[in-house]
Amino acid sequence: MSRIAYVNGRYLPARSATVHIEDRGYQFSDGVYEVCEVRGGAIVDQQRHMARLERSLAELRIRMPMSAGALAVVMRECVRRNRVREGIIYLQITRGVARRDHAFPPTATVPSVVVTARGLDFAGNERTAAEGIAVVTVPDNRWERVDIKSISLLPNVLAKQAAREQGAKEAWFVDSDGQVTEGSSSNAWIVTKDGKVVTRPADRGILRGITRTVLLDVIKAQGLELEERAFTAEEAYGAREAFVTSASQIVMPVVRIDDRPVGNGAPGLVATTLRAEFHRHAELS
Ligand code: PLP
């Protein structure tokens with residue numbers, strides 16, 4: 001079955017779906033994106049993702065090219081046409097097509113919209129979660145507006161590649177104060193020796209992950225103690241557990257950081273429980 005992509009009003013076979021060479025996303029990374037999990041054919045936490053999308057667009061002064069309702073219909077249609085049961089949906093909006101000039105194009109320029117959906121290896125992800133993943137730390141060399149889910153991801157690309165080349169699945173960015181900010185495509189968490197769940201506050205230096213937001217509810221419901229504060233790589237090395245969160249991985253246990261085992265080197269009870277409980281708290285649509 002050929003994959004179907006939505007591009008500016010049309011559903012097309014992915015191999016013949018194209019964008020203009022002067023799309024500002026292509027030339028300047030001038031756009032934003034969202035990734036939602038698809039589970040049992042339903043979109044997980046779509047409303048929260050839409051709210052974050054609208055915020056990212058507003059911060060960059062890109063107008064919403066269609067109503068949130070119309071976009072929701074397109075997303076559902078992409079899931080349906082691609083017959084995705086367990087997977088992800090990717091949505092990207094750029095400032096549109098215009099003759100190359102750094103400053104904003106004429107106000108009549110129509111933002112470009114691309115939506116794709118694809119299945120993920122559900123059983124494979126579960127196996128990975130049962131083993132846990134390794135992460136490495138890298139200096140955080142990103143711009144200050146990482147709270148915007150912008151398609152400008154070069155530092156994240158380089159960080160993820162550095163991780164891969166060291167046999168790890170994720171890279172954790174560390175700021176100039178030695179504090180972990182977040183992963184290259186995930187939020188970072190630890191569990192202290194006395195059982196407190198720690199993650200960096202979402203006011204500065206990280207993307208406010210939707211999985212992170214939902215997990216705060218799960219943590220509360222589980223009666224776990226939460227500390228929203230920054231932590232250093234050294235504190236993470238000595239933590240009882242560590243894990244990352246993102247829409248595509250949900251809660252993924254971390255068992256090695258910079259080649260040091262975390263806890264006993266196996267996925268911990270807190271991470272495993274939070275992973276199992278997550279979907280009782282997420283919204284399906
Ligand atoms: N931080 C970064 C840099 C990300 O790219 C992502 C997801 O792609 C996240 C955090 C997690 O966000 P969410 O839970 O909304 O997927």
Side-chain angles (χ1 to χ4, degrees), residues 29 31-39 43-57 59 75 86-93 116-118 120 125 129 133 135-163 169-175 179-190 197-219 228 230-231 242-254 271 274-275 277-279 281-285:
S29 293
V32 303
Y33 75 108
E34 279 297 327
V35 176
C36 307
E37 187 201 5
V38 177
R39 199 170 175 94
I43 300 172
V44 178
D45 283 314
Q46 188 173 17
Q47 283 185 6
R48 282 183 162 121
H49 282 280
M50 289 299 103
R52 185 173 65 184
L53 175 76
E54 290 190 36
R55 177 182 181 274
S56 295
L57 288 169
E59 290 295 317
M75 290 168 74
E86 318 297 333
I88 52 167
I89 180 153
Y90 177 84
L91 158 63
Q92 174 172 314
I93 298 179
T116 57
R118 68 182 168 91
L120 287 181
N125 283 350
I133 62 164
V135 307
V136 294
T137 57
V138 296
D140 196 338
N141 54 2
R142 300 174 300 162
W143 73 327
E144 282 172 8
R145 295 307 312 276
V146 296
D147 57 305
I148 300 171
K149 201 163 167 64
S150 133
I151 57 172
S152 181
L153 289 170
L154 208 39
N156 309 59
V157 166
L158 296 177
K160 187 79 88 184
Q161 182 61 20
K169 279 256 166 53
E170 179 58 304
W172 277 5
F173 288 120
V174 176
D175 68 15
Q179 315 269 17
V180 173
T181 52
E182 61 183 331
S184 70
S185 61
S186 58
N187 288 120
W189 306 69
I190 57 170
V197 185
V198 182
T199 199
R200 190 177 172 110
D203 49 7
R204 230 193 84 240
I206 68 166
L207 179 75
R208 189 185 291 272
I210 303 300
T211 319
R212 176 189 182 283
T213 300
V214 175
L215 205 67
L216 297 180
D217 292 342
V218 186
I219 287 166
E228 271 189 280
F231 58 86
F243 59 91
V244 294
T245 55
S246 73
S248 58
Q249 302 179 92
I250 309 303
V251 177
M252 182 57 73
V254 170
L274 294 177
R275 182 178 177 86
E277 288 292 310
F278 180 83
H279 288 101
H281 294 262
E283 258 178 30
L284 291 182
S285 59

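Every number for a ligand or one of its atoms is a count from 1 in the order of the listing.
Distance alone, capped at 3.5 Å, is enough to place a donor-acceptor pair between the T181 side chain and the F173 backbone. S186 places no side-chain N or O within donor-acceptor distance of the main-chain N or O of T245, the cut-off being under 3.5 Å. Here the side chain of R275 pairs a donor or acceptor atom with the backbone of V251 at under 3.5 angstrom.
Using a 4.0 Å cut-off between charged side-chain N and carboxylate O, R55 and D147 make a salt bridge. A salt bridge links D175 with R200: the closest approach of a Lys/Arg side-chain nitrogen to an acidic carboxylate oxygen falls below 4.0 angstrom.
Set against the non-hydrogen atoms of E182, the atoms of ligand 1 under 4.0 Å away are 1 (N), 2 (C), 3 (C), 10 (C). Atoms of ligand 1 lying under 4.0 Å from any heavy atom of G183, numbered from 1 in the order shown and given with element: 3 (C). Applying the 4.0 Å criterion to heavy atoms of N187 picks out, from ligand 1, the atoms 10 (C), 11 (C). Below 4.0 Å from some heavy atom of S184 lie the following atoms of ligand 1, by number and element: 3 (C), 5 (O).
For the side-chain hydrogen bond (donor to acceptor under 3.5 Å, both in side chains) with E34, the qualifying choice from R48, Q92, K149, H49 is H49, the only one to do so.
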Please assess V44 against V38 for the test side chain to side chain contact (heavy atoms under 4.5 Å, CB included), listing each intermediate value before the final yes or no.
CA-CA 6 Å; V44 178; V38 177; over 6 Å; no
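Nearest protein heavy-atom neighbour of atom 16 (O) of ligand 1: A247 N, 2.9 Å. In terms of protein heavy atoms, atom 13 (P) of ligand 1 is closest to I210 N, 3.6 Å. Ranking the protein heavy atoms by distance from atom 8 (O) of ligand 1 puts K149 NZ, 3.1 Å first. The nearest heavy-atom contact from the protein to atom 12 (O) of ligand 1 is G209 CA, 3.4 Å. In terms of protein heavy atoms, atom 14 (O) of ligand 1 is closest to T211 OG1, 2.6 Å.
Residue contacts with ligand 1 for Y33 involve side-chain atoms from C-beta outward but no N, CA, C or O (heavy atoms, distance under 4.0 Å). Looking at T245 against ligand 1, only its backbone comes within 4.0 Å, counting heavy atoms. Under 4.0 angstrom from ligand 1, the non-hydrogen atoms of S186 all belong to its backbone.
Classified by interplanar angle (parallel below 30°, tilted 30° to 60°, perpendicular above 60°), the ring pair F231/W172 is perpendicular.
With atom 5 (O) of ligand 1 as the reference point, the heavy atom nearest to it among C36, A159, S185 is part of S185.
Every residue meeting the side-chain hydrogen bond (donor to acceptor under 3.5 Å, both in side chains) condition with R142, not counting sequence neighbours, appears here in chain and number order: D140, E182. Here K169 pairs with T128, I133 under the side-chain contact (heavy atoms from CB on, under 4.5 Å) rule; sequence neighbours left out.
Checking only distances, H49 never comes within under 3.5 Å of ligand 1, N or O to N or O.
Ligand 1 lies out of reach of S248, whose nearest heavy atom is not under 4.0 Å from it. Using a 4.0 Å cutoff on heavy atoms, R208 does not count as a contact of ligand 1.
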